[in-house]
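Let me begin by presenting the structure, written as structure tokens, before commenting on it.
A, B, ... follow the sequence lines: proteins, then strands. Residue 1 opens every chain. Because the structure is a prediction, the values reported are computed rather than measured. What's counted below: heavy atoms across the whole structure, side chains too, no hydrogens, waters or symmetry copies.
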There are 2 protein chains.
Amino acid sequence: MADPIQKLILELARLPGIGERSAARLAYYIVKASRSQGSSLARDLAGALVQVADSIGLCHQCQNFCTGGKCSICNDARRDARALCVVEGVGDLRAIEHSGAFRGRYHVLHGALAPLDGIGPAELRLDEMVERVVADGYDEVIVATNNNVEGDATALYISRLLAERGIRVTRLATGMPMGGELEYMDQATVGRALQERRDIAS
Amino acid sequence: MADPIQKLILELARLPGIGERSAARLAYYIVKASRSQGSSLARDLAGALVQVADSIGLCHQCQNFCTGGKCSICNDARRDARALCVVEGVGDLRAIEHSGAFRGRYHVLHGALAPLDGIGPAELRLDEMVERVVADGYDEVIVATNNNVEGDATALYISRLLAERGIRVTRLATGMPMGGELEYMDQATVGRALQERRDIAS
């Protein structure tokens with residue numbers, strides 16, 4: 001029989017950002033916890049994993065992860081049905097939800113345009129996204145893709161598709177992060193923050 | 001029904017060194033993997049967790065984690081039966097095994113002396129450790145506890161218990177780590193490395 005701890009270490013090391021050393025540390029913590037009275041860490045975590053594997057699908061409307069056919073955000077009638085926020089992944093959706101600054105709906109692309117990796121508009125199903133925007137009558141589409149080459153290309157592509165249909169397309173502001181110190185900021189960010197400087201309301 | 005992804009995030013965040021943000025990143029990775037054809041990450045990890053919870057006990061001889069009553073190291077007749085290495089945890093045992101520099105046997109304390117936290121010699125079952133050392137006739141006990149207050153106290157306590165029985169007790173050397181740069185080393189390490197300097201064999 002293979003060593004169960006070694007097996008757990010190998011499985012944990014498949015997770016992103018977890019190397020063999022971290023995996024070993026986590027595994028020993030889990031073993032220790034599972035041996036102490038009243039702790040159910042290993043079984044609880046195993047249960048949560050199986051439940052996720054069993055029950056998570058994609059919302060047929062916005063492609064968010066969900067357990068039914070439609071996610072809780074799409075099901076929420078109080079959300080603003082005029083603004084749609086397009087994100088690369090569900091983690092991005094979560095970040096925007098946590099900011100509390102957006103009350104509209106989402107569309108998750110599950111990726112960004114990367115022609116060299118074989119990810120084009122068809123893979124992201126951008127046509128279906130545009131159909132949804134037009135059919136549901138959104139006034140504004142906020143393209144919240146990442147600030148990198150793929151995210152920029154995706155935002156530009158989407159804005160071209162939608163602008164010809166007369167829909168306002170915006171992007172998240174680029175600049176100094178809140179609490180960021182100028183001295184330690186990378187030069188690209190400082191450059192963009194300068195370019196996109198704003199008048200101070202007096 | 002509670003959101004399975006949220007539940008998985010909460011369970012992952014119970015692991016040491018994994019905050020809510022890392023837990024979310026891992027959870028989304030797992031969900032994404034579990035939705036792609038042919039990936040069994042979530043189920044494999046769950047299976048490894050359950051197997052660990054079901055099967056791992058302590059070696060009745062050295063207190064290492066194991067699946068039978070006796071661990072593979074204690075079962076290995078080729079190991080040197082004259083040298084015993086005492087460690088705080090199984091992770092420490094693993095680190096020493098990986099170094100390849102020790103071929104003796106181990107004793108895992110599962111902790112270090114910390115009177116303020118209620119961990120005394122009885123909690124670490126040091127008497128049983130001493131009994132084992134005497135009964136099995138070890139010549140040398142290498143106390144490989146950590147280089148901190150608890151580890152030092154534990155090493156000192158063990159050395160007093162064993163010295164009176166005429167058994168050689170040693171500790172790991174303290175000094176500059178391999179590849180360490182003097183300029184970036186903390187002053188305590190530099191101080192100890194100076195104190196414990198060695199003559200260069202010529």
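The candidate with the highest count of non-hydrogen atom pairs below 4.5 Å against chain A, out of V50(B), I30(B), L10(B), L26(B), is L26(B).
Between L49(A) and L49(B) the shortest side-chain heavy-atom distance falls below 4.5 Å. Taking 4.5 Å as the limit, every side-chain heavy atom of R43(A) sits out of range of all side-chain heavy atoms of V52(B). When side chains are defined from C-beta on, L41(A) counts as touching L15(B), because their heavy atoms get closer than 4.5 Å. Proximity of I56(A) to P4(B): side-chain heavy atoms (C-beta onward) are separated by under 4.5 Å at one or more points. The shortest distance between side-chain heavy atoms of L45(A) and L8(B) falls below 4.5 Å.
Residue contact with chain A, scored on non-hydrogen atoms closer than 4.5 Å, involves the side chain of R35(B) exclusively. Heavy atoms closer than 4.5 Å to chain A are found in the side chain of I18(B), but not in its backbone. In this structure, chain A has a heavy atom under 4.5 Å from the side chain of I9(B), while its backbone stays farther away.
What you find for A53(A) and S34(B) is that their closest heavy atoms are CA-OG, 4.1 Å. Heavy atoms only, all atoms of each residue included: R94(A) and Y28(B) are closest at CD-OH, 3.3 Å. In this structure, G17(B) and R25(A) approach most closely via the heavy-atom pair CA-NH2, 4.2 Å.
Within a 6.0 Å radius of CZ in R125(B), no more than 12 heavy atoms belonging to other residues, nucleotides or ligands are found. More than 12 heavy atoms of other shown residues, nucleotides or ligands fall within 6.0 angstrom of atom CD in E164(B). The number of heavy-atom neighbours closer than 6.0 Å to CD of Q187(A), taken from other residues, nucleotides and ligands shown, is 12 or below.
Distance check, rounded to the nearest 0.5 Å: CD of E20(B) to NE2 of H98(A) gives 5.5 Å.
We find that D44(A) and K7(B) are not joined by a salt bridge, their nearest charged nitrogen and carboxylate oxygen being 4.0 Å or further apart. With respect to the salt-bridge test (charged N to carboxylate O, under 4.0 angstrom), the residues K32(B) and E88(A) do not qualify.
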